[in-house]
**Student:** 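Pasting a structure here, questions to come.
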Amino acid sequence: MLATIPADVTQYYVHAFRVMQKLAYIYGWKDFLGDLNEIDDETLGKMSLFLGVMLGVSGAASSLTTFAKQIARPALQKQIAKRTLTKTAWYGPMKQTLKLIGIKVSKDSFAKGVTRTVPVIGGVISGGMTLVALRTQSTRLQKHLRELPPPGVDAAQYLAALDGLDAQADRFHRHLRSLPVHPGPERPVSLNVWEAVYFDHDPARLIDLAERAAALGVERYVLDDGWFGARRDDHAGLGDWVVSPEVWPDGLHPLVNRVTELGMQFGLWFEPEMVNPDSDVARAHPEWLMQLDDRLPLEGRFQQVLNLSIPGAYGHVLGQMSAILEEYAISYVKWDHNRDLNDAGTAPDGRPAVAAQTRAFYALLDELRRRFPQVEFESCSSGGSRIDLEVMERAERVWVSDNIDPDDRQRMLWWTSQLLPAELLGSHIASGRSHVTGRWHDLNHRAATAVFGHLGIEWDLARASEEEIAELAWWIAWYKEHRGRLLTGRLVRVAMPDPGVWFKGVVNEFGGIYSLSMLEATPAVNLGVLRFPGLEPGPRYRVRVIERPALAPAHQVPWLNAGHPLELTGAQLMHVGLRAPVLRPATTVLFVVTKV
């Protein structure tokens, strides 16, 4: 190592400058080293700063000069072959930059230049050490560039975006909450019948579900797929938005009337952009299907895409949906979209149509909102496939996923809330065994997960036990009491050391409601100390724990066995914290922290 030849130093700087240029380009310095033969003072200053950051030197040229005096004085004893340096385009920039920090470079040699050592872990630079040194130093430069506003970008706005994920989420949430379409915090607790009945639409059974839901305190009832045309399964009928006389000989009136008599809103499922080939509309107008010039796309879920950019197809959907919304007292539409736009062209030549289809979707939704301002629209889209800032100017909620497994939903709600606030996130309590994953979960874990969103139920209540019904009613009442705080506050999240543990909360001027979930078993005896972010330091707060069912006192942390709510200052809760409760896998505990 000590016999390293000077060419290694040259190699190091050549690679260092290449790394600088690439990183600079990635982070917005587009003109950096654009012309390698001409280098002005400004670029020279940038290069010196970048090199200084890579070498761990704080400041710009002045600090680099100090560094050069301290480190880079010993002269090399051997010359570097002329062709090693001069054959590259890097000679000019290298020469001028190194000169600025006290290193003289000529085509013949490094006269009084750098030493063989570079101030990084490992010390000596050689062919084997170059990668290690550059990896460490490139990471250092990358981290620094990430914190700098690129040229032409407002520094205040750029630096504000670096406050952390919660601060970024808060900006998105404040923007969305300012939109005219945004709903208030009194989101109605919903029952969606999909996982209760699927396509088995029996009016008597569905009315019985409505009565059971109303007794629990449900405020909105949603009839899902299967009410129209020949839609007895997912092979036929899609696109024919006419109530099936086979299933509903009296129309939807008996169900809608009973739902509204019970004091609930009525909602209905549509998938306006989709058709089954086995449908009246597809048979009558095969040219309305998205297609290439010589074939239809492969089917997805036995369906094709209706090309709304074709005026006739657009008018068909608008007319049939309007007729349904005019006839029935509908307060909510679940707008689904269950396949991708593959080979999405317009007949007969197959010209690309995705952009036109997207614009037509917006136009259709805008027109329906204009005609029926009392109707709330959900962007369902197979669960999570159409969640963006544009659609949220037209929709009051999204369906996060068809997977309602609470373990998976903990992760989904954590990350979907990076963009959307809780009141927009459809979040349901399903039956004990997940219809998607097959896992079984305790009702309290399912409910404590779901309350951090727009709460709903997706469960055949006729099959729930009396104990489950009582527990479900408790959670619905608790949600109604606290939704004003859950659905208006600021999101805070805490990264826990154990990857199977999730700790988050919603805070406002009254305090915070926090959730601690353990999704997987951990080898740790205790999860450690919980610090509750987002509170005011001075006021005192009362901490109430929602642990249903409670762990035996002998196995729980002592402060939970005190027999009365704990009172601490915000500063104590934020900076000192509380010992985390002992949790079993697949359980959730809530903390209601209220200003005294």
Side-chain angles (χ1 to χ4, degrees), residues 192 194 198-199 201 222-244 267-292 295-325 330 332-347 350 352-368 377-388 391 394-395 398-399 401-402 426:
N192 186 291
W194 176 243
Y198 289 100
F199 290 105
H201 281 209
V222 182
L223 183 65
D224 212 285
D225 193 358
W227 56 269
F228 51 90
R231 189 72 165 174
R232 307 289 75 78
D233 55 34
D234 55 4
H235 289 70
L238 193 60
D240 299 332
W241 305 111
V242 178
V243 176
S244 169
L268 194 60
W269 181 94
F270 289 89
E271 194 172 6
E273 298 145 274
M274 300 294 157
V275 294
N276 287 124
D278 184 6
S279 64
D280 292 343
V281 64
R283 282 186 288 270
H285 295 282
E287 74 280 7
W288 286 358
L289 276 59
M290 281 190 154
Q291 55 195 280
L292 300 179
R295 62 175 174 83
L296 290 172
L298 292 175
E299 289 184 8
R301 201 181 179 232
F302 312 106
Q303 62 194 54
Q304 295 288 356
V305 182
L306 190 69
N307 192 338
L308 295 182
S309 69
I310 298 174
Y314 177 96
H316 162 79
V317 176
L318 177 61
Q320 289 198 336
M321 288 186 70
S322 295
I324 294 292
L325 295 175
I330 294 172
Y332 166 87
V333 166
K334 180 178 179 180
W335 190 303
D336 220 334
H337 187 290
N338 281 311
R339 67 153 294 163
D340 295 328
L341 302 185
N342 300 325
D343 297 332
T346 297
V354 171
Q357 175 81 350
T358 304
R359 289 190 291 270
F361 157 67
Y362 291 145
L364 176 60
L365 186 47
D366 288 342
E367 178 58 21
L368 287 169
F377 288 85
E378 175 192 283
S379 176
C380 173
S381 194
S382 193
S385 296
R386 187 181 265 161
I387 298 177
D388 57 69
V391 79
R394 299 167 170 85
V398 303
W399 182 230
S401 174
D402 282 342

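Everything numeric here is computed off the predicted structure, so don't read it as measured data.
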**Student:** Run the side-chain hydrogen bond (donor to acceptor under 3.5 Å, both in side chains) test against Y362 and tell me which residues pass, sequence neighbours left out.
**Tutor:**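 Partners of Y362 by the side-chain hydrogen bond (donor to acceptor under 3.5 Å, both in side chains) criterion come out as none, since no residue qualifies.
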**Student:** Which residues satisfy the side chain to side chain contact (heavy atoms under 4.5 Å, CB included) test with Q320, sequence neighbours excluded?
**Tutor:**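 Scan of Q320 (side chain to side chain contact (heavy atoms under 4.5 Å, CB included), adjacent residues dropped) gives W241, V242, H316.
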**Student:** Please name all residues satisfying salt bridge (Lys or Arg N to Asp or Glu O under 4.0 Å) with D388, sequence neighbours left out, ordered by chain then number.
**Tutor:**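 Result, salt bridge (Lys or Arg N to Asp or Glu O under 4.0 Å) vs D388: none returned.
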**Student:** Shortest non-hydrogen contact from S381 to S385?
**Tutor:**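 In terms of heavy atoms, the two residues are closest at O-CB, 3.0 Å.
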**Student:** What pair of heavy atoms forms the shortest contact from N307 to A313, and how long is it?
**Tutor:**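 Shortest heavy-atom separation between N307 and A313 comes out as O-CB, 3.3 Å.
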**Student:** What's the separation between atom CH2 in W399 and atom CG in D336, rounded to the nearest 0.5 Å?
**Tutor:**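 The distance works out to 10.5 Å.
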**Student:** Looking only at non-hydrogen atoms, find the nearest pair between A353 and T346 and report the distance.
**Tutor:**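 Heavy atoms only, the tightest pair is CB-OG1, 3.2 Å.
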**Student:** Report yes if the distance between the aromatic ring centroids of F199 and W194 is under 6.0 Å, otherwise no.
**Tutor:**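 Yes; W194 has its ring centre under 6.0 Å from that of F199.
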**Student:** Tell me every residue that passes side-chain hydrogen bond (donor to acceptor under 3.5 Å, both in side chains) with N276, counting only those two or more places apart in sequence or in another chain.
**Tutor:**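 Counting only residues at least two positions away or on another chain, N276 forms a side-chain hydrogen bond (donor to acceptor under 3.5 Å, both in side chains) with R231.
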**Student:** Who passes side chain to side chain contact (heavy atoms under 4.5 Å, CB included) against P297, sequence neighbours left out?
**Tutor:**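 If we apply the side chain to side chain contact (heavy atoms under 4.5 Å, CB included) test to P297, skipping adjacent residues, the hits are Q291, Q304, R339, D343.
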**Student:** Taking all heavy atoms of V281 and all of D240, pick out the closest pair and write down the distance.
**Tutor:**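 For V281 versus D240, the nearest heavy atoms are N-OD1, 3.1 Å.
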**Student:** Quick one: list whatever passes side-chain hydrogen bond (donor to acceptor under 3.5 Å, both in side chains) with S244, sequence neighbours left out.
**Tutor:**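 Counting only residues at least two positions away or on another chain, S244 forms a side-chain hydrogen bond (donor to acceptor under 3.5 Å, both in side chains) with R232.
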**Student:** Using a 4.5 Å cut-off on heavy atoms from C-beta on, say whether the side chain of L364 contacts that of E273.
**Tutor:**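 Sidechains of L364 and E273: no contact.
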**Student:** Any side-chain heavy atom of L298 within less than 4.5 Å of one from N342?
**Tutor:**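 Contact flag for L298/N342 side chains = no.
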**Student:** May I ask you to test the W335-R386 pair for a side-chain heavy-atom distance under 4.5 Å?
**Tutor:**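 A side-chain contact exists here, since the closest heavy-atom pair is under 4.5 Å.
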**Student:** For E367, give me all partners under side-chain hydrogen bond (donor to acceptor under 3.5 Å, both in side chains), at least two apart in sequence or on another chain.
**Tutor:**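 Expected list: R370, R371.
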**Student:** Could you work out, with salt bridge (Lys or Arg N to Asp or Glu O under 4.0 Å) as the rule, every residue matching E378, not counting sequence neighbours?
**Tutor:**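 Counting only residues at least two positions away or on another chain, E378 forms a salt bridge (Lys or Arg N to Asp or Glu O under 4.0 Å) with R397.
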**Student:** Can you tell me how far apart CG (N338) and CD (E271) are? Round to the nearest 0.5 Å.
**Tutor:**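 Spacing of CG (N338) from CD (E271) equals 4.0 Å.
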**Student:** What's the separation between atom CZ in F228 and atom OG in S279, rounded to the nearest 0.5 Å?
**Tutor:**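 Here the rounded value is 10.0 Å.
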**Student:** List in chain and number order the residues that pass salt bridge (Lys or Arg N to Asp or Glu O under 4.0 Å) with D280, two or more places apart in sequence or in another chain; answer none if no residue qualifies.
**Tutor:**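 Here the qualifying residues are R283.
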**Student:** Can you name the side chain to side chain contact (heavy atoms under 4.5 Å, CB included) partners of A356, sequence neighbours left out?
**Tutor:**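 Partners of A356 under the side chain to side chain contact (heavy atoms under 4.5 Å, CB included) test: S309, R359.
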**Student:** To the nearest 0.5 Å, what is the distance between CZ on R301 and CG on D234?
**Tutor:**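 Between R301 CZ and D234 CG, I get 5.0 Å after rounding to 0.5 Å.
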**Student:** By salt bridge (Lys or Arg N to Asp or Glu O under 4.0 Å), which residues pair with D224, not counting sequence neighbours?
**Tutor:**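 Salt bridge (Lys or Arg N to Asp or Glu O under 4.0 Å) list for D224, sorted by chain: K334.
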**Student:** Tell me, do L368 and F377 make a side-chain contact under 4.5 Å, heavy atoms counted?
**Tutor:**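 Yes, close enough: below the 4.5 Å cut-off.
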**Student:** Answer whether the closest heavy-atom distance between the side chains of L223 and W269 falls below 4.5 Å.
**Tutor:**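 No - every pair of side-chain heavy atoms lies 4.5 Å or more apart.
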**Student:** Would you please name every residue forming a ring pair (Phe, Tyr, Trp, His ring centres under 6.0 Å) with H285, sequence neighbours left out?
**Tutor:**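 If we apply the ring pair (Phe, Tyr, Trp, His ring centres under 6.0 Å) test to H285, skipping adjacent residues, the hits are W288.
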**Student:** So do F270 and V317 actually touch side chain to side chain, heavy atoms under 4.5 Å?
**Tutor:**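 The answer is no, as the side chains (C-beta and beyond) never meet within the 4.5 Å cut-off.
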**Student:** For P272 and L306, work out which heavy atoms get closest and say how close.
**Tutor:**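 The pair with the smallest heavy-atom distance is O-CD2, 4.2 Å.
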**Student:** Would you give the length of the straight line joining atom OG of S382 to atom NE2 of H337, rounded to the nearest 0.5 angstrom?
**Tutor:**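 The OG atom of S382 sits 9.5 Å away from the NE2 atom of H337.
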